[in-house]
Amino acid sequence: SNTHGLAGAISKRLRDSGSVQMVGLGPASVNQAVKALAVSRSFLRHDGLELYATPEFIHIPGSDVDQPQRSALRFNVLSGSLCDDSSAELTPEETSQIRVASNSKPSLAAGAIAKRAREGKHCLVVAMGPNSVNQAIKSIAIARTYLEDDMLEVRFRPRFIHVDLGSQEVESSTEVKLLDPSQPPGTALADGVSEGKSALEMLISIAAL
(Lines give C-alpha, C1' and ligand atoms only; values in the text may rest on other atoms or scores of the structure.)
Protein backbone atom coordinates (compact mmCIF):
# COMPACT_ATOMS: atom_id res chain seq x y z
CA SER A 1 0.00 0.00 0.00
CA ASN A 2 1.07 3.60 -0.61
CA THR A 3 1.86 5.03 2.82
CA HIS A 4 0.50 8.54 2.20
CA GLY A 5 -2.55 7.23 0.36
CA LEU A 6 -3.36 4.88 3.22
CA ALA A 7 -2.73 7.66 5.75
CA GLY A 8 -5.16 9.91 3.89
CA ALA A 9 -7.84 7.19 3.95
CA ILE A 10 -7.28 6.62 7.68
CA SER A 11 -7.53 10.36 8.40
CA LYS A 12 -10.75 10.73 6.41
CA ARG A 13 -12.40 7.81 8.18
CA LEU A 14 -11.36 9.13 11.60
CA ARG A 15 -12.69 12.61 10.79
CA ASP A 16 -15.98 11.16 9.55
CA SER A 17 -16.67 8.44 12.11
CA GLY A 18 -13.98 8.63 14.80
CA SER A 19 -12.82 5.03 14.32
CA VAL A 20 -11.23 2.74 11.75
CA GLN A 21 -9.88 -0.81 11.65
CA MET A 22 -6.91 -2.14 9.68
CA VAL A 23 -5.52 -5.65 9.32
CA GLY A 24 -1.83 -6.40 8.87
CA LEU A 25 -0.66 -9.80 7.66
CA GLY A 26 3.09 -10.26 7.95
CA PRO A 27 5.94 -7.90 8.92
CA ALA A 28 5.86 -5.75 5.77
CA SER A 29 2.11 -5.15 6.07
CA VAL A 30 2.26 -4.39 9.80
CA ASN A 31 5.19 -2.03 9.32
CA GLN A 32 3.34 -0.22 6.52
CA ALA A 33 0.26 0.16 8.71
CA VAL A 34 2.31 1.68 11.55
CA LYS A 35 4.00 4.12 9.15
CA ALA A 36 0.61 5.12 7.71
CA LEU A 37 -0.68 5.79 11.23
CA ALA A 38 2.35 8.00 11.88
CA VAL A 39 1.66 10.04 8.74
CA SER A 40 -2.05 10.18 9.54
CA ARG A 41 -1.27 11.78 12.91
CA SER A 42 0.36 14.71 11.11
CA PHE A 43 -2.72 15.07 8.87
CA LEU A 44 -5.12 15.01 11.83
CA ARG A 45 -3.09 17.51 13.84
CA HIS A 46 -4.30 20.28 11.50
CA ASP A 47 -7.86 19.46 12.60
CA GLY A 48 -6.99 19.41 16.30
CA LEU A 49 -7.30 15.61 16.41
CA GLU A 50 -5.13 12.77 17.70
CA LEU A 51 -5.33 9.03 17.07
CA TYR A 52 -4.84 6.00 19.31
CA ALA A 53 -4.37 2.41 18.14
CA THR A 54 -4.74 -0.89 19.97
CA PRO A 55 -3.47 -4.08 18.29
CA GLU A 56 -5.00 -7.53 18.70
CA PHE A 57 -4.54 -10.94 17.13
CA ILE A 58 -7.18 -12.30 14.78
CA HIS A 59 -7.45 -15.32 12.49
CA ILE A 60 -8.24 -14.99 8.80
CA PRO A 61 -8.91 -17.72 6.20
CA GLY A 62 -5.79 -19.37 4.83
CA SER A 63 -4.88 -19.78 1.18
CA ASP A 64 -4.96 -23.59 1.01
CA VAL A 65 -6.12 -26.74 2.75
CA ASP A 66 -2.83 -27.18 4.61
CA GLN A 67 -3.23 -23.73 6.16
CA PRO A 68 -6.97 -23.15 6.79
CA GLN A 69 -6.30 -20.18 9.07
CA ARG A 70 -3.60 -17.53 9.31
CA SER A 71 -2.79 -15.24 12.23
CA ALA A 72 -2.96 -11.50 11.57
CA LEU A 73 -2.87 -8.29 13.57
CA ARG A 74 -5.87 -5.97 13.65
CA PHE A 75 -5.42 -2.31 14.55
CA ASN A 76 -8.43 -0.70 16.22
CA VAL A 77 -7.92 3.04 15.80
CA LEU A 78 -9.86 5.82 17.55
CA SER A 79 -9.57 9.58 17.28
CA GLY A 80 -9.70 12.12 20.11
CA SER A 81 -9.01 15.78 20.78
CA LEU A 82 -5.44 16.93 20.46
CA CYS A 83 -3.69 18.07 23.62
CA ASP A 84 -1.10 20.64 22.57
CA ASP A 85 1.35 20.03 25.37
CA SER A 86 4.52 18.45 24.08
CA SER A 87 6.97 20.44 26.17
CA ALA A 88 7.69 17.84 28.83
CA GLU A 89 10.79 15.75 28.20
CA LEU A 90 11.45 12.46 29.91
CA THR A 91 14.78 12.11 31.68
CA PRO A 92 16.79 8.85 31.72
CA GLU A 93 15.73 8.42 35.36
CA GLU A 94 12.07 8.41 34.27
CA THR A 95 12.44 5.78 31.56
CA SER A 96 13.57 2.21 31.09
CA GLN A 97 14.45 0.83 27.68
CA ILE A 98 13.38 -2.42 26.03
CA ARG A 99 15.01 -3.38 22.73
CA VAL A 100 12.90 -5.52 20.42
CA ALA A 101 14.83 -7.26 17.63
CA SER A 102 13.56 -9.34 14.73
CA ASN A 103 14.32 -12.52 16.69
CA SER A 104 12.96 -11.28 20.04
CA LYS A 105 10.22 -13.29 21.73
CA PRO A 106 7.12 -11.04 21.81
CA SER A 107 5.91 -12.70 25.03
CA LEU A 108 9.06 -11.60 26.87
CA ALA A 109 8.82 -8.00 25.64
CA ALA A 110 5.10 -8.05 26.45
CA GLY A 111 5.87 -9.12 30.02
CA ALA A 112 8.29 -6.22 30.37
CA ILE A 113 5.74 -3.74 28.96
CA ALA A 114 3.03 -5.07 31.29
CA LYS A 115 5.37 -4.87 34.28
CA ARG A 116 6.12 -1.19 33.53
CA ALA A 117 2.41 -0.50 33.06
CA ARG A 118 1.53 -2.00 36.44
CA GLU A 119 4.28 0.04 38.07
CA GLY A 120 3.15 3.18 36.26
CA LYS A 121 6.62 3.66 34.84
CA HIS A 122 7.63 5.17 31.51
CA CYS A 123 9.11 2.71 29.08
CA LEU A 124 11.03 3.11 25.82
CA VAL A 125 10.87 0.15 23.45
CA VAL A 126 13.23 0.39 20.49
CA ALA A 127 12.79 -1.66 17.29
CA MET A 128 14.46 -1.26 13.89
CA GLY A 129 13.17 -2.57 10.58
CA PRO A 130 9.87 -4.22 9.53
CA ASN A 131 10.54 -7.52 11.33
CA SER A 132 11.37 -5.78 14.58
CA VAL A 133 8.36 -3.47 14.26
CA ASN A 134 6.18 -6.53 13.72
CA GLN A 135 7.56 -8.14 16.88
CA ALA A 136 7.04 -4.90 18.81
CA ILE A 137 3.37 -4.69 17.76
CA LYS A 138 2.90 -8.33 18.69
CA SER A 139 4.40 -7.50 22.09
CA ILE A 140 1.87 -4.71 22.61
CA ALA A 141 -0.99 -7.01 21.61
CA ILE A 142 0.17 -9.69 24.06
CA ALA A 143 0.76 -7.11 26.81
CA ARG A 144 -2.89 -6.07 26.48
CA THR A 145 -3.96 -9.62 27.36
CA TYR A 146 -1.56 -9.69 30.32
CA LEU A 147 -3.14 -6.51 31.69
CA GLU A 148 -6.78 -7.55 31.40
CA ASP A 149 -7.00 -8.74 35.03
CA ASP A 150 -5.39 -5.47 36.14
CA MET A 151 -8.13 -3.52 34.30
CA LEU A 152 -5.48 -1.63 32.35
CA GLU A 153 -5.40 -0.88 28.64
CA VAL A 154 -2.42 0.08 26.47
CA ARG A 155 -2.66 1.87 23.15
CA PHE A 156 -0.03 3.49 20.97
CA ARG A 157 0.52 6.54 18.75
CA PRO A 158 3.37 6.29 16.21
CA ARG A 159 5.49 9.11 14.85
CA PHE A 160 8.74 9.53 12.95
CA ILE A 161 11.94 10.48 14.78
CA HIS A 162 15.71 10.09 14.25
CA VAL A 163 17.79 7.43 15.92
CA ASP A 164 21.57 7.37 16.28
CA LEU A 165 23.42 4.06 16.67
CA GLY A 166 26.96 4.98 17.61
CA SER A 167 28.54 6.70 14.64
CA GLN A 168 25.90 5.37 12.19
CA GLU A 169 22.60 7.19 11.75
CA VAL A 170 19.77 4.83 10.90
CA GLU A 171 16.74 6.20 9.04
CA SER A 172 14.49 3.13 9.18
CA SER A 173 14.44 2.64 12.94
CA THR A 174 11.36 2.40 15.09
CA GLU A 175 11.04 3.36 18.71
CA VAL A 176 8.13 2.52 20.96
CA LYS A 177 7.71 4.64 24.07
CA LEU A 178 5.46 3.74 26.98
CA LEU A 179 3.95 6.74 28.74
CA ASP A 180 1.98 6.61 31.95
CA PRO A 181 -0.80 9.22 31.91
CA SER A 182 -3.87 7.33 33.24
CA GLN A 183 -6.37 9.01 30.98
CA PRO A 184 -9.46 7.53 29.29
CA PRO A 185 -9.51 6.68 25.58
CA GLY A 186 -10.10 9.74 23.42
CA THR A 187 -8.14 12.01 25.76
CA ALA A 188 -4.99 13.30 24.08
CA LEU A 189 -1.65 12.96 25.83
CA ALA A 190 1.48 15.06 25.85
CA ASP A 191 4.14 13.55 23.59
CA GLY A 192 6.88 13.99 26.17
CA VAL A 193 9.56 13.23 23.60
CA SER A 194 12.70 15.17 22.87
CA GLU A 195 13.03 16.28 19.26
CA GLY A 196 16.02 15.36 17.13
CA LYS A 197 17.14 12.53 14.79
CA SER A 198 14.59 10.59 12.53
CA ALA A 199 12.82 7.21 12.59
CA LEU A 200 9.48 5.84 13.70
CA GLU A 201 8.26 5.82 17.27
CA MET A 202 5.16 4.46 18.99
CA LEU A 203 4.04 6.22 22.14
CA ILE A 204 2.16 3.74 24.32
CA SER A 205 -0.25 5.12 26.90
CA ILE A 206 -1.93 3.36 29.82
CA ALA A 207 -5.53 3.82 30.85
CA ALA A 208 -7.84 2.22 33.39
CA LEU A 209 -10.64 0.15 31.86
Side-chain angles (χ1 to χ4, degrees), residues 1 3 6-7 10 21-41 51-60 62 67 69-77 95-119 121-148 150 152-166 168-180 193 197-206:
S1 300
T3 301
L6 180 57
I10 293 169
Q21 287 187 335
M22 299 187 298
V23 175
L25 180 61
S29 177
V30 169
N31 185 56
Q32 190 78 341
V34 173
K35 290 197 295 184
L37 288 172
V39 175
S40 182
R41 287 188 68 207
L51 66 76
Y52 301 90
T54 53
E56 62 180 343
F57 291 102
I58 62 170
H59 293 288
I60 62 175
Q67 192 178 32
Q69 284 191 329
R70 301 179 69 183
S71 179
L73 282 161
R74 178 166 62 196
F75 297 84
N76 302 298
V77 188
T95 64
S96 58
Q97 190 175 100
I98 302 169
R99 289 192 173 273
V100 178
S102 58
N103 60 350
S104 294
K105 290 185 178 180
S107 58
L108 295 181
I113 292 172
K115 181 176 185 292
R116 301 321 192 266
R118 293 187 186 104
E119 296 172 348
K121 291 182 179 178
H122 302 299
C123 176
L124 180 63
V125 182
V126 182
M128 289 176 282
N131 291 321
S132 297
V133 172
N134 186 55
Q135 298 299 81
I137 295 297
K138 285 182 179 179
S139 300
I140 299 170
I142 296 171
R144 293 182 65 229
T145 66
Y146 290 171
L147 293 167
E148 286 176 354
D150 300 280
L152 292 173
E153 174 66 288
V154 290
R155 56 195 189 274
F156 73 90
R157 302 171 295 149
R159 75 175 188 177
F160 295 99
I161 60 168
H162 288 286
V163 170
D164 232 340
L165 291 182
Q168 181 181 9
E169 186 169 300
V170 179
E171 295 294 336
S172 60
S173 309
T174 301
E175 286 190 306
V176 184
K177 177 172 287 183
L178 175 62
L179 298 178
D180 170 44
V193 180
K197 318 191 176 160
S198 135
L200 189 63
E201 139 184 293
M202 288 167 280
L203 304 164
I204 308 176
S205 59
I206 312 164

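None of these values were measured; they are calculated from a predicted model.
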Quiz: residues 136-145 side-chain donor-acceptor pairs under 3.5 angstrom, not counting sequence neighbours:
residue	atom	partner	partner atom	Å
Ser139	OG	Pro106	O	3.4
Ser139	OG	Gln135	O	2.8
Arg144	NE	Glu153	OE1	2.7
Arg144	NH1	Pro55	O	2.9
Arg144	NH2	Glu153	OE2	2.8
Thr145	OG1	Ile142	O	2.5

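- In plain terms, the two heavy atoms of Gln32 and Thr3 that are nearest each other are NE2-OG1, 3.0 Å.
- The closest donor-acceptor contact from the side chain of Ser132 to the backbone of Ser102 lies under 3.5 Å.
- Shortest non-hydrogen contact noted between Ser71 and Leu25 is O-CD1, 3.3 Å.
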Item to check | Step-by-step side-chain contact (heavy atoms from CB on, under 4.5 Å) determination, Val77 to Tyr52 | outcome: CA-CA 6 Å; Val77 188; Tyr52 301 90; over 6 Å; no
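- Separation of atoms CZ (Arg157) and CG (Leu51) is listed at 8.5 Å; rounding is to 0.5 Å.
- The two atoms that bring Val23 and Ala72 nearest to each other are CG1-CB, 3.8 Å, heavy atoms only.
- Residues Phe75 and Ala33 approach most closely at CE1-CB, 3.9 Å, considering heavy atoms.
- Identified under the salt bridge (charged side-chain N to carboxylate O under 4.0 Å, His left out) test for residues 102-115, with sequence neighbours left out: Lys115-Glu119.
- When each of Val39, Val133, Leu37 is tested with Pro158 by the rule side-chain contact (heavy atoms from CB on, under 4.5 Å), just one qualifies, namely Leu37.
- Atom CG of Leu152 is separated from atom CZ of Arg118 by 8.0 Å, given to the nearest 0.5 angstrom.
- Looking at residues two or more places apart in sequence or on another chain, you find a side chain to side chain contact (heavy atoms under 4.5 Å, CB included) between Ala101 and Asn103, Ser104.
- Between Val154 and Thr54 the shortest heavy-atom distance is O-CG2, 3.4 Å.
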